[in-house]
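Following: one structure in structure tokens, then a few remarks.
If you read the sequence from its start, that first residue is 1, and numbering goes on from there.
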Amino acid sequence: MNFPISLHRILSVIPTELTLRDHPITMVIGIGLFTSFVLIALAKLIKTDVYFTMLMSLTKTKGLRAYTREAYPVNKTDTLILILNYLVATSTVLLIIVGLPTVHSDYEVELSMVAPIAVLAWSIGGMFLTVLITGEKNVFVEPVIMKLVGAQFLGIFYFVISLLWVLNSFDQTLLIKMTLGAFVLESILRLSKSISVVYRQGVSYYYIILYFCTLEILPISIAYYVVVGEFD
């Protein structure tokens, strides 16, 4: 007897029109997510265990060079695709962040596109510059591998949180914290492992501290203050 009334009540609460999101999804973000999805699927298609071997490379501190040479070469098509995905996925999540109503930036697209390229290029370039100055090529092989593998992992993580935010827009502060937290955590783990690897090869702590303060910590600090100033 009460079924028609219950059905009527249910139908009455169903909205008759779609409501606008607080932060609408732009075409650029949609293209970025689609491109990232295609790249991730393509890497899996080329090498079926690419993500397992990537995670193994991410956690290794000893024998990383031999493992990547045999199981996860960083110069193969699948791994290079994941590096490209890092650039696309990071740009996408940054584009989402700088487009939030609580964030104010006059150069949204430019900042989002340049930042991931600059961070990766500065880190890798700094290592190669040090190699040219010191001639110690073998010392920096594993730190370079760690940086590339860490970037690949961040690319997948940023794609996932960007997709989750698009499908179900959660708290904006949480999105920013997850993005920055993943970058900081990856940087701390990578730098810790790099210091351990380099020190085991006989490099003095003085040169290690000088390198990381000059080419790792200082640029991140400058970038932080620039970004904070841009968003204020």
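Residues passing the side chain to side chain contact (heavy atoms under 4.5 Å, CB included) test with L164, sequence neighbours excluded: V160, F170. In this view, T79 and Y72, K76, Q152 satisfy the side chain to side chain contact (heavy atoms under 4.5 Å, CB included) rule, not counting sequence neighbours.
M178 pairs in a side chain to side chain contact (heavy atoms under 4.5 Å, CB included) with only one of the listed residues (L180, L174, L175), which is L174. Of the residues listed (I40, L39, L33), the one engaging S36 in a side chain to side chain contact (heavy atoms under 4.5 Å, CB included) is I40, and it is the only one.
Closest approach of K47 to D78, counting heavy atoms only: CD-OD2, 3.2 Å. When all heavy atoms of A89 and G155 are compared, the closest pair comes out as CB-O, 3.2 Å. Here the shortest heavy-atom pairing between A71 and T53 reads O-CG2, 4.1 Å.
No chain of hydrophobic side-chain contacts below 4.5 Å, direct or via other Ile, Leu, Val, Met, Phe, Trp or Tyr residues, connects L185 to L55.
Taking 4.5 Å as the limit, some side-chain heavy atom of F183 sits within range of a side-chain heavy atom of L154.
When the shell of 6.0 Å around CZ of F153 is examined, it contains 12 or fewer heavy atoms from other residues, nucleotides or ligands. When the shell of 6.0 Å around OH of Y51 is examined, it contains more than 12 heavy atoms from other residues, nucleotides or ligands.
The stretch residues 172-187 participates, sequence neighbours left out, in these salt bridge (Lys or Arg N to Asp or Glu O under 4.0 Å) pairs: E186-R190.
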(request) Kindly determine whether V197 and M146 satisfy side-chain contact (heavy atoms from CB on, under 4.5 Å), including the steps that lead there. (result) CA-CA 11 Å; V197 168; M146 291 178 185; 3.5 Å; yes

(request) For the pair L42 and T77, evaluate side-chain contact (heavy atoms from CB on, under 4.5 Å) and give the outcome as yes or no after the intermediate values. (result) CA-CA 10 Å; L42 185 59; T77 303; over 6 Å; no

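Under the 3.5 Å distance criterion, the side-chain polar atoms of S196 are left unmatched by any main-chain donor or acceptor of S192.
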